[in-house]
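Scroll down for the structure; my scribbles are underneath it.
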Amino acid sequence: MASAAASAAPESDRAALVKAFDESRTGVRGLVESGVSTVPDLFVHPDPYASVPLAPPGVSIPVVDLSLPAPVAAAAAAAAARDWGFFHLVNYEALVPADYPARALAAVRAFNELPAPERSAHYGRAMGGGVSYSSNVDLYRSAAASWRDTIQVGFGPTRADTERIPPVCRSEIVEWEAHTTAVARAVMALLSEGLGLSEAALEEASCLEGKVMVCHYYPVCPEPERTMGLVPHTDPGVLTVLAQDGVGGLQVKHTNEHGESYWVDAKPVPGALVINVGDLLQIMSNDKYTSVDHRVVMNSREEARVSIAVFFNPGKRGDSVFYGPLPDLVSEENPPKYRSFTMSEFFGAFFKRDLASKALLENFKL
């Protein structure tokens, strides 16, 4: 359903367009370099911004200050995770050098703005050595492609061959993974405390050990109102740490106390990281914390957007390791809302669906 015209065309025609785009090996950035003045049908989303209204002026996602006393910061993080599923994290400088994440964002931009032949040498969908560079992980499954290209790197439980990361951004990506792990450890401690558990509860469940980094590049767009950077979705894992540049475009779906839903701009805050709850943390917290829809809108014809997300998941895998609501959160008064499952079953359900599908949590509800 790339457009009314495209939806009427045979599916084989769309498949041919997808194949031709993918085999160009230059991504969406390549379309911009070719001088396109309209968004190709492959990328057109019907009424992408019409379904849910924007938030009233003055509404913004919460801020959690890591420099506050731990009990205060934990209470703030828990409230944000419960009511919003998202928050800005500020004053984390004790964990991260002053030149990050800016250095990592600049390095990712530099790779995506290399000449096409240099980028295309790295292009491919297979995660060879745990690294890939391509456009739209769900390109062959989605109804319409999104306006972005991505470097993806697996850092755990099996660590990628970092020599496969493009040289222009290799050292910055590797350094940023170490820094985000320190941030995630601190945030997981706050969220564990917010559940009334020991601060090590999520870390002891191996939630820092599974790590995937996605470095998104959203090129300038000739018709931003006709496509999307990222369709509405929830993240499948435990926790996401996001660094974004100043261009903006991230929006979070929020439902207020009156049951009214709207999209809230997560406007870039200088020096802040964005933290969000994934589906797996909603399950492990037995619905104390919530995983919410978010998206990236194309809001600029002037400058490309760059963001780097690190998804944290349990690292202990195998057919004898099960996940579900944390045992200390379950009682007769508060029975489990989800069944137990292995990580292979969980991610199997995730990868079988379209990115925008809302059905992942439903697979595991009791």
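This structure is a prediction, so every number in the text was calculated from the model and none was measured.
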Handout entry: Residues clustered with M127, ILVMFWY side-chain links under 4.5 angstrom
Key = none
Could you check whether any side-chain heavy atom of [X] comes within less than 4.5 Å of a side-chain heavy atom of [Y], counting everything from C-beta outward?
X	Y	answer
T150	V137	no
F21	L31	yes
L361	Q282	yes
T234	V292	no
V108	F111	no
V183	V310	no
I308	H216	no
C221	M298	yes

Please report the shortest heavy-atom distance between [X] and [Y], naming the atom on each side.
X	Y	value
A107	V168	CB-O, 4.0 Å
V241	I275	CG2-CD1, 3.9 Å
A74	E193	CB-CB, 4.0 Å
P157	G315	CB-O, 3.5 Å
V231	H45	CG1-CE1, 3.5 Å
S344	D319	OG-OD1, 4.1 Å

Exercise for the section: Could you walk me through whether E223 and V44 pass the side chain to side chain contact (heavy atoms under 4.5 Å, CB included) test, one step at a time? Expected result: CA-CA 10 Å; E223 297 178 302; V44 174; over 6 Å; no
Using only heavy-atom distances, determine whether the side chains of [X] and [Y] contain a donor-acceptor pair under 3.5 Å.
X	Y	answer
R119	Y133	yes
E113	Y217	yes
S261	T255	yes

Exercise for the section: Test D235 against N276 for side chain to side chain contact (heavy atoms under 4.5 Å, CB included), laying out the working first. Expected result: CA-CA 8 Å; D235 292 347; N276 69 276; 3.0 Å; yes
Can you check whether [Y]'s main-chain N or O pairs, donor with acceptor, with [X]'s side chain at less than 3.5 Å?
X	Y	value
R14	A143	yes
Y92	D65	no
S331	N334	yes
N256	G259	yes
T342	E345	yes
S135	R148	yes
Q251	D265	no
R339	P336	no
N112	D149	no

Practice task
Determine, step by step, whether L139 and V18 satisfy the side chain to side chain contact (heavy atoms under 4.5 Å, CB included) criterion, reporting the C-alpha distance in whole Å, the side-chain angles of both residues, the deciding distance to 0.1 Å, and the verdict.
Solution key: CA-CA 7 Å; L139 180 67; V18 168; 3.7 Å; yes
Exercise for the section: Return the orientation label for the W84 and H254 ring planes: parallel under 30°, perpendicular over 60°, tilted otherwise. Expected result: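 The rings of W84 and H254 lie parallel, inter-plane angle below 30°.
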Handout entry: F86 and H294 aromatic ring geometry - parallel, tilted or perpendicular at 30°/60° bounds
Key =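 H294 vs F86 ring planes: perpendicular.
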In terms of hydrophobic clustering (I, L, V, M, F, W, Y; side-chain heavy atoms under 4.5 Å; direct or indirect links), are [X] and [Y] co-clustered?
X	Y	result
V63	V59	no
I165	L114	yes
V64	L95	yes

Exercise for the section: Check whether the ring centres of W147 and F43 lie less than 6.0 Å apart, and answer yes or no. Expected result: yes
Handout entry: Charged tip of R103 within 45° of W176 ring normal and under 6.0 Å
Key = no
Is the shortest side-chain N to carboxylate O distance from [X] to [Y] below 4.0 Å?
X	Y	value
D22	R125	yes
K316	E204	no
E177	R159	yes

Handout entry: From E199 atom CD to L190 atom CG, the distance as rounded to the nearest 0.5 Å
Key = 8.5 Å
Exercise for the section: Starting at OG1 of T180, measure out to CG of L242 and round the result to the nearest 0.5 Å. Expected result: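 If I round to the nearest 0.5 Å, the distance is 11.0 Å.
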Exercise for the section: Identify the residue among Y323, F322, F346 that makes a ring-ring contact (aromatic ring centres under 6.0 Å, His included) with F341. Expected result: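 Checked Y323, F322, F346 against F341; only one passes ring-ring contact (aromatic ring centres under 6.0 Å, His included): F346.
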Problem - Heavy-atom neighbours of K337 NZ exceed 12 at 6.0 Å - result: yes
Handout entry: Derivation of the side chain to side chain contact (heavy atoms under 4.5 Å, CB included) call for V274 and T240
Key = CA-CA 8 Å; V274 178; T240 304; over 6 Å; no
